[in-house]
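Every chain is numbered from 1, with letters handed out A, B, ... down the list of sequences. Keep in mind the model is a prediction, meaning the values are calculated, not measured.
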Amino acid sequence: MSGDSGAPTNFIRQIIDDDLASGKHARIHTRFPPEPNGYLHIGHAKSIVLNFGIAQDYPGSCNLRFDDTNPAKEEEEFVEAIKDDVRWLGYDWDALRFASDYFEQLYEYALELIRSGKAFVCDLDAEQVREYRGTLTEPGRPSPYRDRSIEENLDLFQRMRAGDFPDGSRTLRAKIDMASPNINMRDPALYRIRHGLIHHQTGAEWCIYPMYDYTHPISDALEGITHSLCTLEFEDHRPLYDWVLDNITIACHPRQIEFSRLNLEYTVMSKRRLTQLVQEKHVSGWNDPRMPTIAGLRRRGYTPEAIRSFCEAVGVTKSEGTVEMGVLENSIRGHLDAVAPRRMVVLDPLKVTISNYPDDTSEALPAGNHPKDESMGTREVVFTREVYIDRADFREEANKKYKRLVLGGEVRLRNAYVVRCDEAIKDADGEIVELRCTYDPDTLGHNPEGRKVRGVIHWVSATHGQRAEVRLYDRLFSTANPGRGGQDFLDDINADSLRVLSECVVEPALTSATAGERFQFEREGYFVVDAVDSRAGAPVFNRIVSLRDSWGKIAED
RNA sequence: UGGGGCGUAGCUCAAUUGGCAGAGCGACGGACUCUGACUCCGUAGGUUGUAGGUUCGAUCCCUACCGCCCCAGCCA
């Protein structure tokens, strides 16, 4: 049942299997319930893949529901961005809902709670409530307003809605148990008063807003959710979730199941911190390619497929851990290796003159777009007397392990000829400014006989290539767990997380690349045409991820 | 300190519910290669947090410890 997509099973899917087998449910209904107070991040993707993935694999459905009970923090911009991100990830909701759709029903249920003596209007202010609540080790004391008559509570609550009382002056509270060892059960607030806010869905219609703990179970039940999946910090809230549904007249009682949230090395995931990065302009916005947001990963060049397979790879459990960044990187490498056309780009150009190649000639050489997939076809690269190679691909001398160009040595120019380096020309400071090489005309398409070249390097024609900007992104933070030990996480920002290279040379086939197109720059990594800053005929490239590099780990000789 | 959770390989997860502790990723080594990529082959890596107990037999059941996370918003 759960294996249809090849998605690995987990304890939640096992519970669902059991519920289907026992006949408790014939159909599964999940929901993804974001609060529109920020952009979605990779941690939300885990929840999205879980919830929508279950709906896909079982006979089931999944709603997108905005948990919009706190208009002070929520905005329409965020609801639109979230819808975009969910769709981009490849999912479509069965129903689009807002918790605010249920405000009227929520209000009616609150009246029911009051009528049955399960809720009361409390006149304590926030500080007094805190004093009465007790501590982790001491029980709380009942509010002096706890035993008001039902009639008075009804009247007061109706007047709360009518706007008769100022912010913070009163709350509606559940009447549960002030001595409960679970603080969430110590007569939690159900409604608070908030004047003067324009809610993005309901406008100025309400001046009282329901709390999450009250809204969520009822919203779930109203939608016929069977399994309400949330993160571990809500485990303590489950008794309250159940209490609400057990004490009102409602037919459905979803099962809340908690799983551990995603933690990723070298980044931060809390909305508070992401918001701070954006507001204080440590990044260019929610979609900065270094951000772990879906919008950031999208602009960075990640694919929905890669993010989905990443989410499946990390699994779903109740134990907390931190996933290595390499797992995310491998997910995109794996996908793009299969589908990204290959191109040649020189990031740090060093001019090479092929002395024995005629000045007035050029050759259009066919180059495969993919080494293992001929269906991806070929394009032409232009070979000329002057080409660029990368500075890192030449050394005056090196040991045998160095598989690139050395003085007096031979190397193949990818898709073209074998060349030998005869001379390195230096400027007054001793810096190499040009290489003089000779090429072997008999090495096109086959290797020379009787001798072995050191390796293969990429190149671009100096006369046919085009300058382009390439942005090299690295992890946003320099430590695996930013801000650990209580210090400011901003101190851990990686100062080199973005390097802009403006003098790169790209092969002709790349000048017409359009926004969002992804390529492998051979021997370098995977790159995407930036959707924001590229211009027609002048693409800007973002590095998505470098190629795996076993050479970089070997100590320099 | 009260309550709620979680501890299995470097990381993420399995282990048919008491029957020889495995996989993927990573690391390391090799093969292949016109990408130091991809692919393929192989190796290492464990006192299952600790100490007891029950049992022929414990990752699994019991007891006690230890460590880590969450909870004292009129946030979600």
Side-chain angles (χ1 to χ4, degrees), chain A residues 8-10 33-35 37 67-70 72-74 99 122 124-127 129-131 133-140 167-173 180-186 188-194 208-209 211-213 215-216 230-239 258 260-261 265 271-272 313-327 330-331 333-334 337-338 342 344 367-368 370-372 401-404 411-416 418 443-447 453 455-458 520-526 546-554:
Chain A
T9 189
N10 55 55
E35 183 190 14
N37 66 344
D67 231 320
D68 58 347
T69 55
N70 185 4
K73 292 185 175 175
E74 296 151 9
C122 180
L124 260 23
D125 65 28
E127 190 174 336
V129 166
R130 196 180 321 127
E131 286 163 8
R133 184 156 36 224
T135 68
L136 294 177
T137 51
E138 305 157 25
D167 284 8
S169 61
R170 286 184 164 86
T171 53
L172 182 72
R173 293 225 260 162
S180 173
N182 181 346
I183 293 181
N184 295 301
M185 299 299 268
R186 318 238 263 230
L190 267 23
Y191 271 88
R192 75 283 214 182
I193 301 171
R194 287 288 177 275
I208 56 172
Y209 289 95
M211 303 289 292
Y212 166 86
D213 282 317
T215 308
H216 207 84
C230 63
T231 43
L232 250 29
E233 67 270 26
F234 293 103
E235 210 150 13
D236 289 349
H237 296 240
R238 187 170 2 113
E258 310 85 12
S260 65
R261 60 166 67 240
E265 287 185 346
K271 248 184 222 179
R272 198 207 102 231
V314 300
V316 178
T317 64
K318 294 188 70 141
S319 60
E320 297 173 272
T322 305
V323 177
E324 294 170 336
M325 188 59 97
V327 179
N330 278 335
S331 71
R333 287 192 184 108
D337 175 58
R342 312 285 121 130
M344 293 197 290
H370 194 286
K372 290 188 174 171
K401 286 196 292 188
Y402 185 78
K403 292 166 68 175
R404 313 181 196 180
V411 78
R412 172 173 296 279
L413 296 181
R414 174 89 165 139
N415 299 308
V418 169
T443 53
L444 197 57
H446 58 88
N447 284 327
V453 299
V456 181
I457 64 174
H458 59 281
Q520 184 197 98
F521 292 176
E522 292 199 87
R523 304 206 314 130
E524 294 289 356
Y526 297 97
S546 66
L547 252 31
R548 260 180 84 229
D549 181 15
S550 54
W551 169 251
K553 294 167 193 159
I554 299 170

- Message: Run the side-chain contact (heavy atoms from CB on, under 4.5 Å) test against N447(A) and tell me which residues pass, sequence neighbours left out.
- Response: R412(A)

- Item | Shortest side-chain distance from N70(A), nucleotide among A76(B), C34(B), U35(B) | A76(B)

- When you get a sec, tell me which of C75(B), G26(B), U35(B) is the closest nucleotide to the side chain of R192(A)? C75(B)

- Task: Figure out the OH/P separation between Y526(A) and U35(B), and round it to whole Å.
- Result: 13 Å

- Note on the structure: Taking a pair to mean Watson-Crick or G-U wobble geometry with both distances below 3.5 Å, G2(B) pairs with C71(B)

- Message: Could you tell me how far C32(B) sits from U39(B) if I compare only their C1' atoms? Round to whole Å.
- Response: 8 Å

- Message: Any heavy-atom pair between the side chains of R170(A) and I193(A) that's under 4.5 Å?
- Response: yes

- Query: Quick one: does P239(A)'s side chain get under 4.5 Å of N182(A)'s, heavy atoms only?
  - Reply: yes

- Query: Quick one: H370(A) NE2 to U33(B) C1', roughly how many Å, whole number?
  - Reply: 14 Å

- Message: Regarding P371(A), tell me which of base, sugar-phosphate or nothing describes its non-hydrogen contacts under 4.0 Å with the strands shown.
- Response: base

- Would you mind telling me which residue lines up with the more 5' stretch of RNA chain B, Q520(A) or K73(A), judged by nearest nucleotide? Q520(A)

- Query: Taking the same atom, P, in C38(B) and in A15(B), what whole-Å distance lies between them?
  - Reply: 31 Å

- With both distances under 3.5 Å as the test, what is the Watson-Crick or G-U wobble partner of C65(B)? G49(B)

- Query: CD of E235(A) to CG of N184(A): how many Å apart, nearest 0.5 Å?
  - Reply: 12.0 Å

- Message: Distance check, C1' atoms only: C60(B) and A21(B), in whole angstrom units.
- Response: 12 Å

- Minimum heavy-atom separation for D337(A) to R342(A), with atom names? O-NH2, 2.5 Å

- Answer with base, sugar-phosphate or nothing: what part of the nucleic acid does Y191(A) contact at a heavy-atom distance below 4.0 Å? nothing

- Message: Please report the distance, rounded to the nearest Å, between CG in N330(A) and P in A37(B).
- Response: 13 Å

- Determine the Euclidean distance between corresponding P atoms of G5(B) and A9(B); express it in Å to zero decimal places. 23 Å

- Task: May I have the distance from H458(A) (atom NE2) to U35(B) (atom P), rounded to whole angstrom?
- Result: 13 Å

- Determine the Euclidean distance between corresponding P atoms of A44(B) and G30(B); express it in Å to zero decimal places. 16 Å

- Message: By the 4.0 Å heavy-atom rule, please label G140(A) as base, sugar-phosphate, or nothing.
- Response: nothing

- Task: Using a 4.0 Å heavy-atom cut-off across all strands, classify N415(A) as base, sugar-phosphate, or nothing.
- Result: base

- Query: Mind checking whether F234(A) and Y212(A) have parallel, tilted or perpendicular rings, split at 30° and 60°?
  - Reply: tilted

- Item | Between P of C34(B) and CG of L413(A), the distance in whole Å | 15 Å

- Could you check which of A76(B), C34(B), U39(B) has an atom nearest any side-chain atom of R414(A)? C34(B)

- Query: Within a strict 4.5 Å, meaning less than it, do heavy atoms of the E35(A) and T69(A) side chains meet?
  - Reply: no

- R333(A) side chain near U39(B) phosphate (N/O to OP1/OP2, under 4.0 Å): no

- Query: For the pair made of CH2 in W551(A) and P in G29(B), what is the distance, rounded to whole Å?
  - Reply: 13 Å

- Task: Check whether any side-chain N or O of R186(A) sits under 4.0 Å from OP1 or OP2 of G73(B), and answer yes or no.
- Result: no

- Have a look at R133(A) and say if it touches a base, only the backbone sugar-phosphate, or nothing, with a 4.0 Å heavy-atom cut-off. sugar-phosphate

- With the side chain defined as heavy atoms from C-beta on, R130(A) is closest, among C38(B), C74(B), G73(B), to G73(B)

- Under 3.5 Å donor-acceptor, T171(A) side chain and A189(A) backbone: no

- Query: So what does H237(A) hit on the nucleic acid, given a heavy-atom distance under 4.0 Å: a base, only sugar-phosphate, or nothing?
  - Reply: base

- Could you measure between the two C1' atoms, the one in U17(B) and the one in U12(B), and give it in whole Å? 23 Å

- Of the listed G26(B), U35(B), C71(B), the closest approach to the R523(A) side chain comes from U35(B)

- U17(B) glycosidic conformation (syn if within 90° of 0, otherwise anti) is syn

- Would you mind pulling out the nucleotide paired to G42(B), Watson-Crick or G-U wobble, both distances under 3.5 Å? C28(B)

- Message: Each nucleotide in nucleotides 2-12 of chain B should get exactly one letter: B, S or -. Can you fill that in based on protein heavy atoms under 4.0 Å?
- Response: BBSSS---BSS

- Rounded distance in Å - CG (N10(A)) to P (C13(B)): 10 Å

- Task: Assign each of G168(A) and K403(A) to its nearest nucleotide of RNA chain B by heavy atoms, then name whichever residue's nucleotide is nearer the 5' end.
- Result: K403(A)

- Task: Look at the side chain of R404(A) against the base of G36(B) and say whether a donor-acceptor pair falls under 3.5 Å; ignore hydrogens and angles.
- Result: yes

- Message: Under 4.0 Å from OP1 or OP2 of C75(B): is there any side-chain N or O of N37(A) that close?
- Response: no

- Reckon A338(A) touches a base, only the sugar-phosphate, or nothing at all at heavy-atom distances under 4.0 Å? nothing

- Message: Need one value for L124(A): base, sugar-phosphate or nothing, where a base atom within 4.0 Å counts as base even if backbone is also close, heavy atoms only.
- Response: base

- D167(A) atom CG is separated from C75(B) atom P, nearest whole Å, by 10 Å

- Message: Give me syn or anti for G57(B), where syn covers glycosidic angles within 90 degrees of 0.
- Response: anti

- Below 4.5 Å, heavy atoms only, C-beta onward: do M344(A) and L413(A) meet side chain to side chain? no

- When you compare U59(B) with G18(B), how far apart are their C1' atoms, in angstrom units rounded to a whole number? 11 Å

- Query: Got H237(A) and H216(A) here, is their nearest side-chain heavy-atom distance under 4.5 Å?
  - Reply: no

- Query: Is any side-chain heavy atom of R173(A) less than 4.5 Å from a side-chain heavy atom of L124(A)?
  - Reply: yes

- Between G67(B) and G53(B), how far apart are the C1' atoms? Round to whole Å, please. 23 Å

- In Watson-Crick or G-U wobble terms, with both distances under 3.5 Å, the base opposite A37(B) is none

- Query: Considering only A76(B), C74(B), A37(B), which nucleotide approaches the side chain of T69(A) most closely?
  - Reply: A76(B)

